Chemist: 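Sending over a structure as structure tokens; questions will come in a sec.
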Amino acid sequence: MSVHRRPSSRRRGLLPSGATASLATVATVVMALCAAGSASAGPTRLTSTATTVAPATVAPATVVPAAAGIVGSIRPERLYDSRTDTPLNPGEDRSVCDNTPSVPNDAAALVVNLTAVSPTAAGYLTASALSDDAPPVVSTLNFTPGTTTSNLAIVPLGLVGCIQVHNGSTGKTHVLVDVQGYLSAGPATVNGSTQTIYPSRILDTRTKRVAIPAHSSLDVQVAGAGGLPPTNVAAAWLNLTVTGNARAGYLTAYPTGTTQPLAANLNFGAGETRAAGTLAKVGLNGRVTVYNGSSAPAHLVVDAQGFVRSGSGASALAGVTPVAPTRLVDTRTSEPVAPGTPLTVGLNSATRPTNSAAAVVAVTATDATAPGYLRVSSSQVGDNSTSMVNFVPGRATTNLVVARTIQDLVIANGSSQAVHVVVDVVGWVNPERAISGTVTSTQGAPLNKSPVYGSTGTSPLLAYSGADGRYSASLPPSATSTLVCAGSPIVNSMPTYDYASDCYGSWSNPDRVTLRLGESATGVDVALQPAGVLRGTATDTSGGKLTSGQVWIYRLDTTRIFRTTISDGTWFLRGVPAGQNYLSLAGPGSALATPFGLAREWYPDVQPGPITTAALMRDAGAEALDVTAGATTTTDLVAEPLARLSGTLSNPDGTPVTAQTGIRLRRPNGSVWVDSSSSVESPATWARFAHPGATTACAYRRLAEPQVCWKGNVPPDEATPITLAPGEDRTGIAITLP
């Protein structure tokens with residue numbers, strides 16, 4: 001942050017008459033679509049013929065650049081605090097240059113909370129773009145001596161990315177600048193985008209000497225006034241200032257022609273000049289109605305800072321959706337917010353766009369018995385040190401907040417005493433990122449009602465495809481990238497399992513879609529292979545049902561793995577891609593298991609090695625099962641009881657081997673049961689579990705060195721097999737390493 005000062009040569013007093021104004025997740029979810037329910041199955045094996053369907057080639061997605069005038073909401077960051085420097089003198093301009101890490105270098109404007117701290121005289125602050133021209137004749141914030149007052153403003157970035165703050169007071173004041181967001185550069189041309197204007201005054205009732213009567217309304221022409229265009233204005237970023245009021249009250253701004261809502265944009269005390277920023281949705285004939293909720297007349301000053309564009313174009317990502325003020329919470333109907341007890345504000349409003357990035361809310365503190373402040377943050381982002389609403393006893397205080405949201409808002413009371421809090425929403429920042437594409441079969445047929453998932457946290461379901469296979473979805477605010485996968489179509493609320501789940505790119509090597517703020521990706525397409533069902537029994541060699549274990553499915557054309565859990569001696573797996581599939585039985589258990597447990601296997605009866613792939617299973621003699629689309633293939637899985645094999649390892653001189661050593665146990669069919677390189681259990685001894693039957697036991701110092709096998713310390717092709725009975729504990733297998 002850099003700060004510059006220059007004297008002001010402009011006239012002071014903006015208001016006359018003495019007044020002032022202002023994959024893992026995806027894999028788990030999608031595999032669950034294919035996972036088993038319990039089902040009975042007979043022991044017969046159904047052999048079917050099928051041709052492996054090659055994955056479809058998926059074209060790369062197209063990234064659509066962000067529109068101009070989008071709102072980037074951020075976790076509030078303090079940009080400047082004059083208390084670490086010097087207060088602003090009367091009439092002083094001070095420039096503050098943006099160096100906030102969360103704001104890009106090409107941002108067009110900042111969304112800031114401006115705070116005056118301990119002013120020595122009544123006055124106002126004006127925030128504007130740093131330039132060689134005189135600052136605009138508007139006010140951003142009004143204050144009284146000795147108070148702390150805040151207000152939100154959208155301030156264009158001027159020369160060298162800086163804004164300037166003018167002290168329109170006869171006294172000194174400290175100033176805080178907290179950044180809540182920013183606007184992207186360029187002219188706002190799409191619906192929902194924000195366009196800043198040179199700050200301008202569009203109404204001052206004092207010039208007509210006619211105040212708004214008590215409990216009455218005034219229609220304010222917004223569209224076409226003060227530099228705002230006459231058409232395509234959905235809402236305006238306004239600064240409302242009340243002055244000349246004899247009694248306390250509030251102002252409510254809402255679209256002309258609609259019912260007055262239960263909400264407040266500005267609260268004021270008797271005889272107090274006070275300003276508050278708002279996002280005002282425009283109503284009939286481009287007007288905004290302002291209601292004076294005081295028992296005495298009050299003058300109104302309205303300054304415009306920018307507008308939200310409407311029209312026939314598509315809504316912009318991270319654009320703004322303005323709404324008529326809607327009350328979200330009012331603690332006066334329950335209990336005040338105590339210090340150290342945050343208030344959670346739910347954002348499940350009917351007006352909120354799905355995956356909205358931020359809420360634009362008017363936050364009011366009222367009925368305070370001690371001075372303090374409110375902090376506003378997201379429940380998943382955590383607390384922040386910036387004050388949003390500063391309040392004093394005996395006066396209701398309102399400030400507009402652009403609050404980045406992931407789930408709910410959390411409001412913390414930074415006072416020594418409890419205070420009531422009222423929150424009204426006036427708009428939403430639209431989702432920041434979006435994706436779209438199609439879900440088809442590998443033959444190109446569109447798939448209707450296919451669920452589309454992404455690695456987006458606790459709610460991975462993004463959308464369902466339509467009848468033409470197309471889908472579109474926005475991403476949650478926390479997601480800057482996602483892995484997109486799709487499942488088999490849903491019929492009558494249940495998956496059909498006619499197709500195997502897959503991902504954009506491929507299940508084996510999915511492509512992560514990474515997007516910057518405001519960007520969208522089109523052509524994020526997923527092609528699903530036709531699928532069938534695998535099922536069968538799972539027993540031990542005595543016919544006892546397996547009580548635990550899993551069946552894993554491998555394919556030659558992908559590294560993808562399907563899996564299901566054994567239940568009561570049966571297993572059942574739907575959505576298996578048509579073609580050749582290899583089965584692995586893992587972690588089995590049964591009531592009749594030996595003390596050493598049951599062995600896993602590669603179907604049928606092939607001992608698995610330390611690494612499992614479809615190619616290794618094929619080379620070891622495992623049999624592939626052909627799955628036919630829409631058909632069921634049934635087979636048995638039998639788990640053998642384990643035996644234990646142990647012995648000694650010696651050097652040529654007879655001394656025990658103490659260094660790391662490898663043990664390899666191999667069956668006559670060539671499959672390897674154990675191939676591990678690890679330290680022996682104690683010097684000169686080793687022990688491993690093995691399948692019953694014939695096993696060759698060998699050892700080696702390192703993988704690249706020759707193996708020596710029992711019996712007689714010979715090469716593997718000369719070794720004597722050891723025949724193990726189920727549950728046997730065979731000892732005395734002595735091997736001397738060269």
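The model shown is predicted, which means the values in this text are computed figures rather than measured ones. Numbering of residues begins at 1 and proceeds along the displayed sequence.
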Chemist: Please report the closest heavy-atom contact between T565 and Q550, naming both atoms and the distance.
Modeler: OG1-NE2, 3.8 Å
Chemist: Indicate whether the side chain of T438 and that of D525 have a donor and an acceptor atom separated by less than 3.5 Å.
Modeler: yes
Chemist: What residues, two or more places apart in sequence or in another chain, satisfy side chain to side chain contact (heavy atoms under 4.5 Å, CB included) together with N492?
Modeler: none
Chemist: For a side chain to side chain contact (heavy atoms under 4.5 Å, CB included) check, start with the C-alpha distance between L483 and Y504, then their side-chain angles and the critical distance, and finish with the verdict.
Modeler: CA-CA 7 Å; L483 294 171; Y504 168 63; over 6 Å; no
Chemist: Any side-chain heavy-atom pair from L447 and L528 closer than 4.5 angstrom?
Modeler: yes
Chemist: Which side-chain N or O atoms in residues 703-711 pair as donor and acceptor under 3.5 Å with protein atoms at least two apart or in another chain?
Modeler:
{"unit_1": "E705", "atom_1": "OE2", "unit_2": "R702", "atom_2": "NH1", "d": "3.2"}

Chemist: Are side-chain N/O atoms of N651 and R701 paired as donor and acceptor at under 3.5 Å?
Modeler: yes
Chemist: What I want to check is whether the side chains of T344 and D408 have a donor and an acceptor closer together than 3.5 Å.
Modeler: no
Chemist: Atom CZ in R730, atom CD1 in I722: separation rounded to 0.5 Å?
Modeler: 6.5 Å
Chemist: What is the distance from atom CD1 of I735 to atom CD1 of I663, rounded to the nearest 0.5 Å?
Modeler: 5.5 Å
Chemist: In Å and rounded to the nearest 0.5 Å, what is the OG to CG distance from S650 to N713?
Modeler: 8.5 Å
Chemist: State which residues pass salt bridge (charged side-chain N to carboxylate O under 4.0 Å, His left out) with D605; sequence neighbours excluded, sorted by chain then number.
Modeler: R667
Chemist: Do T685 and T648 have a side chain donor and acceptor closer than 3.5 Å?
Modeler: no
Chemist: Could you tell me which residues satisfy side chain to side chain contact (heavy atoms under 4.5 Å, CB included) with T541, sequence neighbours excluded, listed by chain and number?
Modeler: V638, E640, P641
Chemist: Using the ring pair (Phe, Tyr, Trp, His ring centres under 6.0 Å) rule, collect all pairs that involve residues 576-598, keeping only residues at least two apart or in two chains.
Modeler: F596-F689
Chemist: For F562 and L573, run side chain to side chain contact (heavy atoms under 4.5 Å, CB included): C-alpha distance rounded to whole Å, both residues' side-chain angles, the deciding distance at 0.1 Å, then the answer.
Modeler: CA-CA 8 Å; F562 289 84; L573 191 61; 3.7 Å; yes
Chemist: Within the 3.5 Å criterion, strictly below it, is a donor on S481 or R512 matched to an acceptor on the partner's side chain?
Modeler: yes
Chemist: Does any part of the side chain of N581, heavy atoms only, come nearer than 4.5 Å to the side chain of Y603, both counted from C-beta?
Modeler: no
Chemist: Quick one: CE on M617 to CD on E623, what's the gap to the nearest 0.5 Å?
Modeler: 11.0 Å
Chemist: With sequence neighbours left out, what residues match D540 under side chain to side chain contact (heavy atoms under 4.5 Å, CB included)?
Modeler: S542, L546, S590, L592, L598
Chemist: Just do the side chain to side chain contact (heavy atoms under 4.5 Å, CB included) check on V452 and L461 with the steps written out, would you?
Modeler: CA-CA 6 Å; V452 179; L461 178 63; 5.8 Å; no
Chemist: Ignoring hydrogens and angles, tell me if any N or O in the side chain of T537 forms a donor-acceptor pair with the backbone of T570 under 3.5 Å.
Modeler: no
Chemist: Return yes if a side-chain donor-acceptor contact under 3.5 Å exists between Y700 and T661, otherwise no.
Modeler: no
Chemist: Let me see the working for T522 and S436 under side chain to side chain donor-acceptor pair (under 3.5 Å), right down to the final yes or no.
Modeler: CA-CA 5 Å; T522 62; S436 63; 5.3 Å; no
Chemist: Would you check, one step at a time, whether the test side chain to side chain contact (heavy atoms under 4.5 Å, CB included) holds for R666 with T695?
Modeler: CA-CA 6 Å; R666 185 188 301 271; T695 298; over 6 Å; no
